[in-house]
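The next block holds one structure in the form of structure tokens; read it before the comments.
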Amino acid sequence: MKMVNTVELKNRTNALLRQVGRGEAVIVTRRGKPVAALTRLTDADLEEFVLRYTSRVAADGGATAPGQPEAPSKYRYMSVPAPFGTIFVAYGPNGPLMVSQANSPAAFEREAERVLGSGPVADPEPPADLRAEVMHAIRDHAPYRGPVDLSLVPPFERAVLQALRRIPPGQVRTYGEIARTLGKPSAARAVGTACARNPLPLLIPCHRVVRSDGKLGGYSLRGGVALKRQLLEAEGALALLPLGR
DNA sequence: TGTATGACGATAT
DNA sequence: CATATCGCCATAC
């Protein structure tokens, strides 16, 4: 009985599927423990498939977390309007810590609690200058030059984010270019990961980082790559992309 | 310490 | 051109 871990599953997919196709089952292990098996589909399986899954996909309900004890509000937050929906911004004395497109204030508070470790409190009267700068950045694609609080971000990712802040509107960089900028030419993938975890999208312009093959790469805000493309177009950056796709 | 996980890149098919 | 494969790397657990 053959066994593979998740890495082998990822890197030898085809070989494994061929093996399964020949009739030999493969056990998948994770952290050393068997969690699944790959087996060849039987005729009955195929029949079941066409009968049940030709026009729909199974979905599952979401789990809800129980309420947690209140924390002594360390941060505050405000909401600002954007063309693509309401944006919530959590901030502390050192500047914004997190930006999100939560569906409601309550949802944002839960998300912030999880990410920041301490739930922010709605600010009835946000600092006027902060609010103005944030809105200007989001609505007008202006650089956000104010301070940001990246104290919760690990070192490499923080370096990436700081590099992103130096990309002017209307320009783009590739993930690899950012990696080289940081002196780690082979860390393109890690740069992508850092972008994906950017706690301050829009304020820190991770949408200006694209793939070296001319594609746009991903985007974590709701709206995904479509929104990324929209932002770049509004900034006039699409024209200078190497290719188009 | 080892294992798992990606907003990547270069290359092969 | 699209997909697959595999190397790379920082992080989270």
Side-chain angles (χ1 to χ4, degrees), chain A residues 2-21 26-38 65 84 87 97-101 111-117 141 150-167 169 171-235 237-238 241-245:
Chain A
K2 183 168 180 62
M3 305 214 311
V4 296
N5 59 31
T6 58
V7 172
E8 295 168 49
L9 180 63
K10 171 188 177 183
N11 291 333
R12 300 181 49 239
T13 309
N14 259 2
L16 291 171
L17 290 183
R18 273 196 303 275
Q19 188 160 5
V20 170
V26 173
I27 300 294
V28 180
T29 63
R30 173 205 250 158
R31 295 182 178 285
K33 298 177 181 176
V35 294
L38 298 178
F84 40 88
I87 301 297
L97 289 106
M98 157 182 176
V99 159
S100 110
Q101 294 173 299
E111 180 187 0
E113 162 87 45
R114 178 172 53 76
V115 175
L116 306 178
H141 310 103
L150 300 179
S151 59
L152 299 179
V153 179
F156 178 79
E157 292 182 1
R158 191 182 312 172
V160 169
L161 298 182
Q162 286 168 345
L164 302 195
R165 292 193 81 183
R166 299 200 297 272
I167 309 176
Q171 292 191 24
V172 295
R173 300 286 185 277
T174 67
Y175 295 95
E177 283 172 344
I178 298 298
R180 292 194 282 279
T181 291
L182 299 178
K184 307 201 176 184
S186 55
R189 190 167 191 168
V191 168
T193 300
C195 291
R197 296 181 186 164
N198 177 11
L200 295 170
L202 302 175
L203 297 186
I204 293 181
C206 57
H207 60 278
R208 296 181 191 141
V209 190
V210 300
R211 296 178 53 116
S212 64
D213 62 6
K215 295 184 182 179
L216 292 189
Y219 196 52
S220 56
L221 281 189
R222 202 148 66 218
V225 188
L227 176 56
K228 185 175 189 174
R229 178 177 292 106
Q230 188 179 309
L231 292 170
L232 291 176
E233 178 167 36
E235 297 176 2
L238 280 194
L241 244 43
L243 305 178
R245 237 332 85 148

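Scope of the values below: all heavy atoms of this structure, side chains included, with no hydrogens, waters or symmetry mates. Please read all numbers here as calculations on a predicted model, not as lab measurements.
In this structure, the CZ atom of A:R197 is 17 Å from the P atom of C:dC9, given to the nearest Å. Between A:L202 atom CG and B:dA7 atom P the separation is 17 Å, expressed in whole Å. As a whole-Å value, the separation of A:E157 CD from C:dA12 P is 6 Å. Taking atom CZ of A:F156 as the reference point, atom P of B:dA7 lies 15 Å away to the nearest angstrom.
Listed pair A:K184 / C:dA10 meets the phosphate criterion, a side-chain N or O lying under 4.0 Å from OP1 or OP2.
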Pairs: protein N or O with nucleotides 9-13 of chain B N or O, under 3.5 Å:
residue : atom : partner : partner atom : Å
B:dG9   : OP1  : A:G176  : N            : 3.4
B:dG9   : OP1  : A:S212  : N            : 3.4
B:dG9   : OP2  : A:S212  : N            : 3.0
B:dA10  : OP2  : A:S212  : OG           : 3.2

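With rounding to the nearest 0.5 angstrom, the OG1 atom of A:T181 is 10.0 Å from the CG atom of A:L164. Separation of atoms OG (A:S220) and CZ (A:R197) is listed at 11.5 Å; rounding is to 0.5 Å. Of the inter-residue distances, the one linking A:M98 atom CE with A:L203 atom CG reads 12.5 Å to the nearest 0.5 angstrom. Rounded to the nearest 0.5 Å, atoms OG1 (A:T193) and CG (A:N198) are 12.5 Å apart. The CZ atom of A:R158 lies 7.0 Å from the OG atom of A:S151; values are rounded to the nearest 0.5 Å. Between the CZ atom in A:R222 and the CD atom in A:Q101 there is a gap of 5.0 Å [rounded to 0.5 Å].
A:T193 comes within 4.0 angstrom of a base, heavy atoms only.
Here C:dA2 is the nucleotide among C:dA12, C:dA2, B:dA7 with the atom lying nearest to any side-chain atom of A:K215.
Side chain A:S220 to base B:dA7: a donor-acceptor pair is found below 3.5 Å.
Pairing of C:dC1, defined by two Watson-Crick or G-U wobble distances under 3.5 Å, is not identified with any nucleotide.
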